[in-house]
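For this chain, numbers begin at 1 and follow the sequence in order. Remember, it's 1-based here, ligands and their atoms both numbered in the order they're listed.
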Amino acid sequence: MMDCVALSCKVCTSWQGLLLTVSLLTCWLIPTTSQLTIKSVPPIAVEGENVLLFVHNLPKNVKVFSWFTGARVLKSCEIATHVIAINATVIGLSHSGRETVFKNGSLLIKSVTSKDSGYYTLRILDANSRPKIIRTEFFVHSPLLGYKKHLTPSQLKIALVPPRVEENINVILWVFQMPKKLQAFAWHKGVLPLDHLKIASHSFLTNSTMLGHAYYDRLTVRNDGSLLLLNVTKNDTGLYTLRTISVDLKLEWAIIEVQVNSK
Ligand SMILES: *[C@@H]1O[C@H](CO)[C@@H](O)[C@H](O)[C@H]1NC(C)=O
Ligand SMILES: *[C@@H]1O[C@H](CO)[C@@H](O)[C@H](O)[C@H]1NC(C)=O
Ligand SMILES: *[C@@H]1O[C@H](CO)[C@@H](O)[C@H](O)[C@H]1NC(C)=O
Ligand SMILES: *[C@@H]1O[C@H](CO)[C@@H](O)[C@H](O)[C@H]1NC(C)=O
Ligand SMILES: *[C@@H]1O[C@H](CO)[C@@H](O)[C@H](O)[C@H]1NC(C)=O
């Protein structure tokens with residue numbers, strides 16, 4: 001299963017390493033009317049929680065659907081296949097014993113661990129047997145990362161300005177209630193704290209900001225954590241995650257969804 005999921009242990013460890021030093025540190029499709037979409041609920045979980053990969057608008061003519069760990073459709077990464085006509089589920093090689101497939105397409109994963117972090121792929125076959133593939137992702141914080149269960153929910157909030165975003169405008173991801181005494185914060189596209197998905201990070205210890213490659217010429221990071229993103233394109237659609245780490249290693253995070261509409 002580890003080979004299938006996008007976040008390998010190596011990545012998790014290097015992320016923890018990064019976290020302990022200075023710098024801290026997606027494919028969620030956006031619903032438009034009756035479009036097929038999936039969401040992870042919650043997109044960021046803590047070990048031991050259940051995660052539901054929630055399928056909206058599964059087409060009526062779907063005959064068979066399959067869930068896979070990872071971003072690709074590989075037999076060895078198959079969790080389960082469900083045949084609707086006969087209401088039968090066939091378990092795949094990547095089934096860990098904790099997954100339940102529902103006939104509406106959704107997948108429940110119980111008692112997640114950090115190893116479950118990563119991408120999940122749904123393939124549906126309709127009456128014409130034309131496959132349609134759609135992905136989601138979630139991240140599971142391990143208790144090692146300083147997050148204690150039953151902690152009061154994060155106060156951290158993000159607002160999108162303007163709330164309706166069109167192509168080629170500038171947008172602000174405005175941060176409220178940033179925790180005090182931070183050592184660092186980081187923004188990622190999507191919910192996975194992977195280096196290649198990093199938008200920006202800031203260390204208060206060294207007062208230095210680093211920008212992700214794709215953002216060099218069109219991003220400003222403000223001291224309060226807010227982002228100014230210039231000239232957005234449809235490619236900027238998706239989830240944005242802000243993570244903070246305080247000097248006493250307490251983590252907080254907040255997620256916002258940005259939909260870039262055509263003019
Ligand atoms: C699908 O079924 C599961 C289990 O019954 C339920 O929790 C979930 O809300 C359903 N999803 C939709 C989109 O109806
Ligand atoms: C489908 O199968 C599940 C168990 O595999 C059962 O609980 C459920 O009632 C069945 N649904 C229908 C509509 O037959
Ligand atoms: C951090 O660096 C910026 C310039 O890069 C400077 O304007 C700011 O005053 C510095 N802040 C602190 C607290 O040193
Ligand atoms: C914004 O991006 C478009 C391409 O997506 C480009 O044609 C245009 O010149 C850019 N505008 C500015 C002000 O950078
Ligand atoms: C959007 O992303 C795709 C793939 O990542 C890339 O091929 C394409 O050029 C991008 N388009 C823009 C306008 O940046």
* To do: Applying side chain to side chain contact (heavy atoms under 4.5 Å, CB included), run through Leu229 and Val258 and close with a yes or a no.
  => CA-CA 12 Å; Leu229 189 55; Val258 174; over 6 Å; no
* Does the N or O separation between Asn87 and ligand 2 drop below 3.5 Å for any pair? -> yes
* Asked: For Lys234, does the NZ atom sit with more than 12 other heavy atoms under 6.0 Å from it, leaving out its own atoms?
  -> yes
* Asp236 CG to Glu167 CD distance, which is reported to the nearest 0.5 Å -> 10.0 Å
* **ligand 4-proximal atoms of Leu230, by part, heavy-atom distance under 4.0 Å** => neither
* To do: Indicate whether atom 5 (O) of ligand 3 is within a distance of less than 4.0 angstrom of some protein heavy atom.
  => no
* Flag: protein heavy atom within less than 4.0 Å of atom 11 (N) of ligand 3 -> yes
* Can you confirm whether something in the protein, heavy atoms only, sits under 4.0 Å from atom 14 (O) of ligand 2? => yes
* Return yes when atom NZ of Lys103 has more than 12 non-hydrogen atoms of other residues, nucleotides or ligands closer than 6.0 Å, and no otherwise. => no
* **Identity and distance of the protein heavy atom lying nearest atom 8 (C) of ligand 3** => Asn207 ND2, 3.8 Å
* Asked: So is there a nitrogen or oxygen of Thr233 less than 3.5 Å from a nitrogen or oxygen in ligand 4?
  -> no
* List the atom of Ile109, the atom of Glu99, and the distance in Å for their closest heavy-atom pair. => CG1-CG, 4.0 Å
